[in-house]
Amino acid sequence: MDITIIGGGIAGLALAHELAPDHRVTVLETSPGPRGGGYMIDFFGPGFVAAERMGIIEELRARGHAFEGVRYAMPDGKESGRIDVGPLVEAASGRYFSILRPEVELGLLAVLPGSVELRYSTRVVAIHDPTLRGETGPGRASGHSEAHPGPAAVELADGTTREADLIIACDGVRSVARELVAPGHGEIVPMGYRVASYLYDDTELAAELGERMLMTDTVGRVGWAYAADRTRVGVMLAERVDPTLTQRPSPDRERLQREFAGLHPQVDRALAHAPESFYDDLVAQAIAPRWSRGRIVLAGDAAHAPSLLAGQGTSLAIAGAEALARSLRATGPHLEAGLAEYERRWRPTAEKVQRSGRRSASFFTPSSAAQLRFQQIGRRAVGLPGVSRLVTRSFIAP
């Protein structure tokens, strides 16, 4: 088949890797090249196992990092607790490491088959599938009869179109395809949080932070700081916002510095180096009752974004990509059956992680002093015999 993938991020590249041996694959990406910046994620769960089967885990692990754990601290700089990562690694049978999200993308690019056509600076503005009668807008079924409606197509910002036997939307939580596949579900589902992140050069602070991430013990707004490597510091800042907001915010360095000042001396130092441009978005999920329609299918965050705070978006993107590719391979020329098998196989896992993400979001940004105190007590309990093992196994479970 001729397959067009919209989005050259993690899900799109993972899919291209798996589909290339059997199909002609084109990946269309809006950005001018691989995306920099980003933030540190913990890689474990179904994505790790899928990466092993795909033969790419060593490429990713070589780009990863093993932190000792998390250090919690109060605004005055006083340490208020620690959590070690060792029990998590043990519970995952060693299938656990941290990695900058952009490094996952670069790792996938490093193993991308040469047959894949990857086009950067290419923005999709519309999708047309003539099998969805009367619902795809201009350009449907031109030159074809209803019995043979012709291929699906994507319309690009430069005015050209590209035809395909299958279009896979891997264009994130704000996918251009979700409304077409699942009418009424195109909008994001906001969770009432906003997150900003950036990387910057600071050899001295990177050395001070060492092998433990810093997380502030604060209410309403929370900051993280960590040594991304020997010379760079990573920063993430989260706050509670109006849960009805859906429009993506615009990065504003002065607002960031003003709103998050005073969380911790090391975070204040990092805030002073905030760049003009950085990642800034609402924490949101994508929820759709169906993932495919006609010759269009959703994958990755476009189908089932669990939210940044759920901590498994990258894992789901890779595992979901492998599940889709395996389902298409198993059903051969029967596209509809392959797409149905993909959803049957993968939806239960994706929805389980989404539910977990909804439950755990408030853990990262306590709404009151009482909730913060409860979390501090809970962290101490994790250190008790048997409790650590129970908690970590629950956290790691796919």
> Has the side chain of Tyr193 got a donor or acceptor atom that lies under 3.5 Å from a matching backbone atom of Thr365?
Replying inline: no
> Are the side chains of Leu339 and Leu324 in touch, meaning some heavy atoms are under 4.5 Å apart?
Replying inline: yes
> Should the pair Phe48 and Phe97 be assigned to parallel (<30°), tilted (30 to 60°) or perpendicular (>60°) ring geometry?
Replying inline: perpendicular
>> Checking the side chain of Thr122 only, and the main-chain atoms of Tyr120 only, is there a donor and an acceptor separated by less than 3.5 Å?
In response: yes
> Do you know which two heavy atoms are closest between Met1 and His23, and how far apart they sit?
Replying inline: N-ND1, 3.2 Å
>> According to a hydrophobic-cluster definition based on side-chain heavy atoms being under 4.5 Å apart (Ile, Leu, Val, Met, Phe, Trp, Tyr only), do Ile167 and Leu132 belong together?
In response: yes
> What's the verdict on side-chain contact (heavy atoms from CB on, under 4.5 Å) for Phe278 and Ser197, showing C-alpha distance, side-chain angles and the deciding distance?
Replying inline: CA-CA 6 Å; Phe278 52 88; Ser197 72; over 6 Å; no
> Closest approach of His17 and Pro21, non-hydrogen atoms and distance?
Replying inline: O-CD, 3.7 Å
> Side chains of Tyr39 and Trp224: closer than 4.5 Å at any heavy-atom pair?
Replying inline: no
> For Gly223, does its backbone N or O pair with a side-chain atom of Thr216 as donor and acceptor, under 3.5 Å?
Replying inline: yes
> Which heavy-atom pair separates Leu316 from Pro46 by the least distance, and what is that distance?
Replying inline: CD2-CG, 4.3 Å
> Does Ala270 offer a backbone N or O that forms a donor-acceptor pair with the side chain of Asp202 under 3.5 Å?
Replying inline: no
> Between CG of Asp171 and CD1 of Ile5, what distance do you get to the nearest 0.5 Å?
Replying inline: 11.5 Å
> If only atom types and distance count, is the side chain of Glu29 paired as donor or acceptor with the main-chain N or O of Ser31 below 3.5 Å?
Replying inline: yes
>> Show, in sequence, the C-alpha distance, side-chain angles and deciding distance for Arg194 and Glu259, and conclude whether the salt bridge (Lys or Arg N to Asp or Glu O under 4.0 Å) test is met.
In response: CA-CA 12 Å; Arg194 178 177 175 178; Glu259 294 296 325; over 6 Å; no
> Quick one: are Glu211 and His65 in side-chain contact, heavy atoms under 4.5 Å?
Replying inline: yes
> Can any side-chain N or O of Glu239 pair as donor or acceptor with the backbone N or O of Arg221 at less than 3.5 Å?
Replying inline: no
> Which pair of non-hydrogen atoms, one from Leu335 and one from Arg295, has the smallest distance, and what is that distance?
Replying inline: CD2-CG, 3.8 Å
> What's the shortest heavy-atom distance between Ala321 and Ala11, and which atoms?
Replying inline: CB-O, 4.0 Å
> Parallel, tilted or perpendicular: which describes the rings of Tyr200 and His273, with under 30° parallel and over 60° perpendicular?
Replying inline: parallel
> Which residues pass the salt bridge (Lys or Arg N to Asp or Glu O under 4.0 Å) test with Glu254, sequence neighbours left out?
Replying inline: none
> Do Ser327 and Arg344 have side chains that get closer than 4.5 Å, going by heavy atoms?
Replying inline: no
> Without hydrogens or angle criteria, can the side chains of Thr231 and Asp229 be said to hold a donor-acceptor pair below 3.5 Å?
Replying inline: yes
> In chain order, what residues pass the side-chain contact (heavy atoms from CB on, under 4.5 Å) check against Ser356, with sequence neighbours excluded?
Replying inline: Arg359
> With a cut-off of 6.0 Å (strictly less than), are more than 12 heavy atoms of other residues, nucleotides or ligands near CZ of Phe374?
Replying inline: no
>> Side-chain heavy atoms nearer than 4.5 Å, only ILVMFWY residues, links allowed to pass through others: does that put Met213 and Leu209 together?
In response: no
> Between Ala169 and Ser175, which heavy-atom pair has the shortest distance, and what is it?
Replying inline: CB-OG, 3.9 Å
>> By the definition side-chain contact (heavy atoms from CB on, under 4.5 Å), identify the one residue from Asp42, Ile99, Val104, Leu60 that meets it with Thr314.
In response: Val104
> Would you say Arg358's side chain and Met191's backbone share a donor-acceptor pair under 3.5 angstrom?
Replying inline: no
Please table the atom pairs, donor to acceptor, closer than 3.5 Å between any side-chain atom in residues 68-76 and protein atoms at least two apart or in another chain.
residue: Arg71; atom: NH2; partner: Gln266; partner atom: OE1; Å: 3.0
residue: Asp76; atom: OD1; partner: Lys78; partner atom: N; Å: 2.9

>> Around atom CD of Gln371, are there more than 12 heavy atoms from other residues, nucleotides or ligands closer than 6.0 Å?
In response: yes
> Is there a donor in the side chain of His304 and an acceptor in the side chain of Gln354, or the other way round, less than 3.5 Å apart?
Replying inline: no
> Hey, what do you get for CD1 (Ile318) to CD (Gln312), rounding to the nearest 0.5 Å?
Replying inline: 12.0 Å
>> Can you tell me how far apart OG1 (Thr161) and CD1 (Ile127) are? Round to the nearest 0.5 Å.
In response: 13.0 Å
>> If hydrophobic clusters are built from ILVMFWY residues whose side chains come within less than 4.5 Å, do Val233 and Leu256 share one?
In response: yes
> Same cluster or not: are Phe260 and Val267 linked, directly or through other Ile, Leu, Val, Met, Phe, Trp or Tyr residues, by side-chain heavy atoms under 4.5 angstrom apart?
Replying inline: yes
>> Is any side-chain heavy atom of Phe44 closer than 4.5 Å to one of Leu88?
In response: no
>> Before you tell me yes or no, could you show the steps for Leu19 and Ile168 under side-chain contact (heavy atoms from CB on, under 4.5 Å), namely the whole-Å CA-CA distance, both residues' side-chain angles and the distance that decides it to 0.1 Å?
In response: CA-CA 11 Å; Leu19 293 171; Ile168 307 177; 3.7 Å; yes
> Going by heavy atoms in the side chains, are Leu308 and Arg101 under 4.5 Å from each other?
Replying inline: no
> Mind checking whether Val173 and Val176 sit in one hydrophobic cluster, side chains of I, L, V, M, F, W, Y counted as touching below 4.5 Å?
Replying inline: no
> From Ile41 CD1 over to Ser98 OG, what is the distance, rounded to the nearest 0.5 angstrom?
Replying inline: 7.5 Å
> Taking Glu179 for the side chain and Gly186 for the main chain, is one N or O donor matched with an acceptor at less than 3.5 Å?
Replying inline: yes
>> Per the salt bridge (charged side-chain N to carboxylate O under 4.0 Å, His left out) rule, what does the pair list look like for residues 102-112, sequence neighbours excluded?
In response: Arg35-Glu105, Arg63-Glu103
> For Arg123, does the CZ atom have more than 12 heavy-atom neighbours from other residues, nucleotides or ligands under 6.0 Å away?
Replying inline: no
>> With side-chain contact (heavy atoms from CB on, under 4.5 Å) as the criterion, how do Leu245 and Leu282 come out once you've worked through the C-alpha distance, each side chain's angles and the decisive distance to 0.1 Å?
In response: CA-CA 8 Å; Leu245 295 176; Leu282 301 174; 4.2 Å; yes
>> Can you tell whether the side chains of Arg212 and Asp84 come within less than 4.0 Å, N to carboxylate O?
In response: yes
> Which residues, ordered by chain and number, are linked to Val49 in its hydrophobic cluster, where ILVMFWY side chains connect at heavy-atom gaps below 4.5 Å, directly or through other members?
Replying inline: none
>> Please check: side-chain N/O of Asp2 versus main-chain N/O of Asp165, any donor-acceptor pairing under 3.5 Å?
In response: no
Run the side-chain donor-acceptor check on residues 108-118: report pairs under 3.5 Å with partners two or more places apart or on a different chain.
residue: Glu117; atom: OE1; partner: Thr26; partner atom: OG1; Å: 3.4
residue: Glu117; atom: OE1; partner: Arg162; partner atom: NH2; Å: 3.0

> Between Ile83 and Met215, is a side-chain contact (heavy atoms from CB on, under 4.5 Å) present by the stated rule, with each step listed?
Replying inline: CA-CA 11 Å; Ile83 290 183; Met215 181 174 178; over 6 Å; no
> Can you find a heavy atom in the side chain of Asp301 that is under 4.5 Å from one in the side chain of Pro306?
Replying inline: yes
> To the nearest 0.5 Å, what is the distance between CZ (Arg347) and OH (Tyr342)?
Replying inline: 9.0 Å
> CD1/Ile56 to CD/Glu58 distance, rounded to the nearest 0.5 angstrom?
Replying inline: 11.0 Å
> Do the non-hydrogen side-chain atoms of Val124 and Thr4 ever get within less than 4.5 Å of each other?
Replying inline: no
